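Here is the structure we will look at, set down as structure tokens.
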Amino acid sequence: MDRHRLGLSTRWIATVASIWIQCSCGSSYTFSIYSSVLKSTQNYDQSTLDTVSVFKDIGANAGVLSGLLYSSVTLNSSSSTFLGPWVVHVAGAIQCFLGYFLMWASVVGLIHQPPVPLMCLFMFLAAHSQTFFNTANVVSGLENFPNFGGTIVGIMKGFLGISGAILIQMYDTLCKGEPSTYLLMLALLPTLVSLVLMFLVRIYKATTADDKKHLNGFSAVALSIAGYLMIIIILENLFTLPLWARISTFILLLILVVSPLGIATKALREDSKRSLQKFSIETNLLTDSAEQITSPKFSTAEDPVEYHQLPSGDSKVKGTSDDKMLLNEEQLNLLQAMRTVNFWMLFIAMICGMGSGLATINNMSQIGESLNYTTTEINSLVSLWSIWNFLGRFGAGYVSDYFLHTRGWARPLLMAFTLATMTAGHIVIASGFPGNLYVGSILVGICYGSQWSLMPTISSEIYGVRHMGTIFNTIAIASPVGSYIFSVRVIGYFYDKEASGEDDSCSGTHCFRLSFFIMASVAFLGFIVAVALFFRTKRFYQLVVLRRLRHALK
């Protein structure tokens with residue numbers, strides 16, 4: 001019995017498989033769990049551990065190779081049905097297993113202590129696997145649901161954002177206090193999940209009118225999981241949960257993670273009913289057309305609806321030129337994209353947004369300590385960051401789709417809005433008033449997450465889907481570049497200048513005030529660049545993107 005008879009060869013099952021893989025592959029967000037055992041067993045000082053961590057950030061964000069591989073195995077998919085996104089998943093699974101398994105083997109003494117450059121390579125491989133899983137799931141999802149790119153990218157990026165919190169719950173339930181065992185789990189879990197599900201992640205060109213309804217169902221599940229995790233995180237930071245409570249909450253979490261399968265099943269039933277209705281209608285039309293051909297009233301006049309209304313304001317566009325524009329739409333590769341101004345405007349905006357946001361979370365503990373927050377409060381802030389990150393990833397994709405479809409607003413406008421809000425978040429953190437970190441971390445976390453949803457979608461709309469994986473992964477390099485600049489050259493530099501304690505520590509609002517005012521200025525620069533990108537692409541969205549949507553929804 002093949003996958004078609006089982007109903008497994010559909011967009012909906014592919015989406016569920018991608019969601020489950022995304023839920024398992026966010027291990028780079030959980031470095032803090034095993035960093036201490038890595039430091040102690042390998043005799044690292046803090047500087048050496050930070051160096052290893054830098055390779056984690058580079059590996060998790062430098063996904064150019066995954067984009068090139070995805071393009072090469074899917075460009076000729078029409079001539080070869082064997083190749084597909086599963087090849088990218090295999091490459092990711094191999095790197096994931098090798099990276100984490102060799103780190104685990106080093107920690108438990110199975111192999112001799114590797115030199116630091118070799119450990120950096122292990123960490124790079126482990127984190128780099130995430131880009132392969134992410135590229136295969138995001139780009140195939142976008143190709144399966146081209147009319148709602150923001151929503152599907154938001155869903156995929158959102159589940160990746162909360163995957164770290166899901167993995168931490170698994171650690172707390174199965175191997176709490178044993179970070180070396182957790183490393184082995186990271187070597188096995190994402191590898192097995194991706195290998196089991198990879199053949200289900202495929203590209204399907206069909207679209208239906210009910211796509212949005214079922215995608216909203218996946219979105220509701222994601223929100224439910226995020227809300228549930230937020231409650232668990234708060235409870236765990238306030239109380240010490242017994243083992244039976246941790247097991248119970250984890251089982252309920254697994255049920256929520258499995259629940260997208262129910263939405264896919266419902267969508268499959270509705271698609272089957274629609275196919276039967278369509279077959280019946282087509283049969284009747286064939287009968288009617290046979291009668292009309294013999295009728296003298298039958299004619300081949302042109303389509304009476306010559307002009308089409310667009311929500312953006314360019315209301316009259318001839319249908320023939322519309323079709324020609326869609327057929328002639330460019331699909332730029334990476335080198336062609338890098339020769340455009342829009343590419344570098346996106347890159348600069350992401351340095352400002354992603355870089356300053358990542359620098360904020362990387363220094364959240366030190367900021368809390370300087371402002372005399374308790375350990376419990378700091379842990380809550382760090383844990384809840386994944387929730388705000390998820391809300392930004394999911395919400396920006398959903399909201400940008402809504403305004404694009406209903407108002408015709410180009411997505412860079414929402415990017416500009418989030419960067420302006422991030423500016424306010426940095427100013428709030430710099431101000432140092434009581435409770436500022438709670439407000440500031442929410443604003444910066446949501447706006448940081450939104451960039452990870454908006455940037456890939458904008459890239460696909462400006463440059464096409466064909467090479468999207470390579471292009472958006474290249475722009476994503478802005479995240480570790482910006483993080484290095486703001487973490488080391490700004491926050492680290494000014495913190496060291498203000499430090500006066502015996503252990504080079506600093507206490508008070510002055511420790512980070514100037515750094516965050518600088519990052520607020522940088523985020524405002526990103527806002528200006530995003531506004532300029534909006535005006536540069538406004539007409540393109542009206543002439544190409546909106547017409548493509550209308551053409552696809554006919």
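Values below: all heavy atoms of this structure, side chains included; hydrogens, waters and symmetry mates excluded. Owing to the predicted nature of the structure, the values given are computational and were not obtained by experimental measurement.
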Find out whether Phe148 and Val153 are in side-chain contact, i.e. whether some heavy atom of one side chain is under 4.5 Å from a heavy atom of the other. no
Side chains of Arg411 and Ser400 only: does a donor on one sit below 3.5 Å from an acceptor on the other? yes
Would you give the length of the straight line joining atom CE of Met354 to atom CD1 of Ile351, rounded to the nearest 0.5 angstrom? 11.0 Å
For residues Thr135 and Asn473, is any side-chain donor paired with an opposing acceptor at under 3.5 Å? yes
Side-chain donor-acceptor pair under 3.5 Å between His467 and Gln336, yes or no? no
Between Asn362 and Ser483, a side-chain donor and acceptor under 3.5 Å: yes
Output a table of donor-acceptor pairs, distance under 3.5 Å, between side-chain atoms of residues 255-265 and any protein atom two or more places apart or on a different chain; print 'none' if there are none.
from   : atom 1 : to     : atom 2 : distance (Å)
Ser259 : OG     : Leu256 : O      : 2.5
Thr265 : OG1    : Leu261 : O      : 2.8

Can you tell me how far the CD1 atom of Ile442 sits from the CD1 atom of Ile446, to the nearest 0.5 Å? 6.5 Å
For the pair Tyr228 and Leu223, evaluate side-chain contact (heavy atoms from CB on, under 4.5 Å) and give the outcome as yes or no after the intermediate values. CA-CA 8 Å; Tyr228 179 71; Leu223 285 171; over 6 Å; no
So how far is it from Phe218 CZ to Phe159 CZ, rounded to the nearest 0.5 Å? 8.5 Å
Just checking, any donor-acceptor pair under 3.5 angstrom between side chains of Tyr182 and Thr30? yes
Assess the side chains of Gln22 and Ser163: does a donor N or O sit below 3.5 Å from an acceptor N or O? no
Hits for side chain to side chain donor-acceptor pair (under 3.5 Å) against Tyr484, two or more places apart or cross-chain, chain-then-number order -> Arg489
Checking Tyr34 now: which residues fulfil ring-ring contact (aromatic ring centres under 6.0 Å, His included) with it, not counting sequence neighbours? Phe31
Tyr398 ring centre to Lys212 NZ or CZ under 6.0 Å, with the angle to the axis within 45°? yes
